[in-house]
Amino acid sequence: MKLINLQEVTKRYVTGADCVTALDKLTLSVKEGTFLGVMGPSGSGKSTLLSVLGALTRPTSGTVTIDDIDVYGLATEKQADFRREYLGFIFQSHNLIPYLSALENVMLPLAVSKFSSAEKRRRASAMLARVGLPDRMLHLPQQLSGGEQERVAIARALVNNPPLLLADEPTGSLDTATSRQVMELLAELHRSGQTIVMVTHNRDNLEWFDRTVYLRDGLVEKDTGKSDCSLSQAM
Amino acid sequence: MRLEHIVFHNLRRRKGRAIFLVIGLMIGVATVVTLLSLTDALSMHAQHELENFGANIIVTPRSEQLNLNYGGVQLGGVNLVPHEIEQVSLVNIDSIPNRRNVATIGPKVLGTVEMQGQRVMMMGVDPVAEFKLKRWWSIAGRPVEQGAELLVGDALVKRFGLAIGDTLQINGQDFTVVGLLAKTGSQDDQLLISPLSTAQSVLGKEGKISMVEIAALCHDCPVNDMVNQLQQVLPETDVQAVQQVVKTRMHALDQFRLFAWGVAVTVVIIGALLVFVTMMGAISERTREIGIFRAIGYRRRHVLHLVLMEAAIVSVLAGVMGYLAGVLATLAALPLLDGGKAVWHLNPALAVAAVAAALVVGLVAALQPALRASRLEPSEALRAL
Ligand SMILES: Nc1ncnc2c1ncn2[C@@H]1O[C@H](COP(=O)(O)OP(=O)(O)OP(=O)(O)O)[C@@H](O)[C@H]1O
Ligand SMILES: [Mg+2]
């Protein structure tokens, strides 16, 4: 089943007289349960692709459907609801709220939901335990290591059980060992059926993906998941 | 956890930032409160001073006869010996509804006496009251206090060549000159002034009063009301307001009020700007944070809720503390101003207004950047650092 469908998506940034085409009529679909890697040189449009997928920025043209919902056909407040219910985000860094503890950060998406206080707490602490931080709940972000912060961010992204997890260079600022721990965690989530789209620069991460898309100048340069691209991949 | 908790944790765990913000807003509020309560105290005091400045109500005996006198020129008719006011009736003044507005009562007795073969006017006064009413009097020597003492008007000093310490025979009684009244340009220059009871006995008018001058403090009642009240308790008299005095006084006060208002408006604007800029900066720097909230699925409404709730708490806190700081500053500054005679008094309206204004200005200031940040596409907000 196709979870994500991008149809001729173009995103242009206009700054003054300059016009940058970050995505150029990009068409892409992703099946449920895929762990998709997005690679490509700097400025090739990877982050833009993720933003467009995540209802964070409206494309200049084209349509984005996720789970058969036309994301940019939704009203602004409905898009927020959509993000809360369907998506989990992990950004490279600075994405925890500095004045909230690990547990409170994980509870953030639940703060505007109707669960009881006890239920919010239970879900958040279960998720923190799942990412391996059962004993760091009351720590503030600044009291956590980079890898721990990243895992808190993953827990927060997952606490609403979203069908789709979007990650922009989650290991970008981590050392090899910590980066591996984070990848193992994502792989484990993938094994349990989670759909993940992850942007990365690091070729070492390739082994974890079951499909990789290479971008260049806003276009798909290579896609390991396309059967007509390479015969060996089709098997 | 609910939205309130996020606000609460933010204020609690980023105390330094919260305190800085509160202090920034507080300075604005305190400046306004200080200047407003200073002008308030000073204008009250100025009013008080002005109202002590001379009599504004005059009580004279009722004359049944038509007054045939214009500009001091007698136009005929027999000028009957005027009635006098009974001194005992003056206690009635204490029974009028606005008795608290009566500041000074200056009863006097008037008559003519023989001195060195010439007829001169003598006035008996209640020394304390009179010198309060006639603040512009400038006296060489000292005012009369009691017994056979005389304060002599300038014209008489010149005519008789008098000096302090001289003894004079008046109607067969010895008086000592204790003070000389500098030229006033009024009828006072023609007077021999002595204590009331002394004059009454010399003039043979024991228990009688020729006229009463009254100073009324009338900032919350029209002088005319007091005139009517006095007329009722002193039926044998004519009570009149000295309109001229009242008008000048009101004019002077109005001028001062206008000035005070000018200062107040300027200060309120500056204070509001201070609060505005501080709050706006504090919210603007949180654009990225707002981006995170939006990315994890907070509606614009949720973000505004968070920001405005925090702004409200901080503003009210700053309003209360700013008011208190302003009061303290006023108390500290008052003794240094206007001879230290002006006093501070609680003005609940100012307290409420200070907190309410801080709240409104804080909210309006927070709303603008919060709206701006929540209207950005989440990806743009996230980009901000
Ligand atoms: N908000 C923006 N305004 C203007 N131009 C932008 C904006 N965001 C991205 N761009 C431009 O769009 C192009 C794609 O940017 P994007 O961030 O998607 O690249 P990327 O592949 O994520 O690069 P990197 O690997 O360095 O993160 C770049 O040329 C960039 O300069
Ligand atoms: Mg990027």
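Reminder, nothing fancy here: chain letters follow the sequence lines and each chain counts from 1.
Note on A:T76, A:L103, A:L110: by heavy-atom pairs under 4.5 Å with chain B, the leading option is A:T76. The most heavy-atom pairs under 4.5 Å with chain B, out of A:S51, A:P109, A:A124, come from A:P109.
Contacts between A:L140 and chain B at a heavy-atom distance below 4.5 Å involve the side chain alone, from C-beta outward. Interface residue A:R58: backbone and side-chain heavy atoms are both found under 4.5 Å from chain B. Proximity to chain B (any heavy atom under 4.5 Å) is shown, for A:L108, by both the backbone and the side chain. Both the backbone and the side chain of B:I6 come within contact range of chain A, each with at least one heavy atom under 4.5 Å from a heavy atom of that chain. Of the two parts of A:T57, the backbone and the side chain both hold a non-hydrogen atom closer than 4.5 Å to a non-hydrogen atom of chain B. Within the 4.5 angstrom heavy-atom criterion, no atom of B:R375 approaches chain A. For B:R12, no part sits under 4.5 Å from any heavy atom of chain A, backbone or side chain. Of the two parts of A:P162, neither the backbone nor the side chain holds a non-hydrogen atom closer than 4.5 Å to a non-hydrogen atom of chain B. Heavy atoms closer than 4.5 Å to chain A are found in the side chain of B:H302, but not in its backbone.
B:S284 contributes no side-chain N or O that, together with a main-chain N or O of B:G281, makes up a donor-acceptor pair within less than 3.5 Å. Between the side chain of A:R84 and the main chain of B:G297, a donor-acceptor pair closer than 3.5 Å is present. Using modelled atom types, one side-chain atom of A:N105 and one backbone atom of A:L100 make a donor-acceptor pair closer than 3.5 Å. In terms of modelled atom types and a separation under 3.5 Å, the side chain of A:T60 and the main chain of A:R12 share a donor-acceptor contact. In terms of modelled atom types and a separation under 3.5 Å, the side chain of A:K11 and the main chain of A:S61 share no donor-acceptor contact.
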Practice item. Go through the steps to decide whether A:E119 and A:S116 satisfy the test side-chain hydrogen bond (donor to acceptor under 3.5 Å, both in side chains), and finish with yes or no. Key: CA-CA 5 Å; A:E119 176 65 9; A:S116 71; 5.4 Å; no
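The aromatic rings of A:F89 and A:F91 lie parallel to each other, with less than 30° between the two planes, well short of the 60° mark.
With hydrogens and angles left out, the side-chain atoms of A:N160 and A:E85 include no donor and acceptor closer than 3.5 Å.
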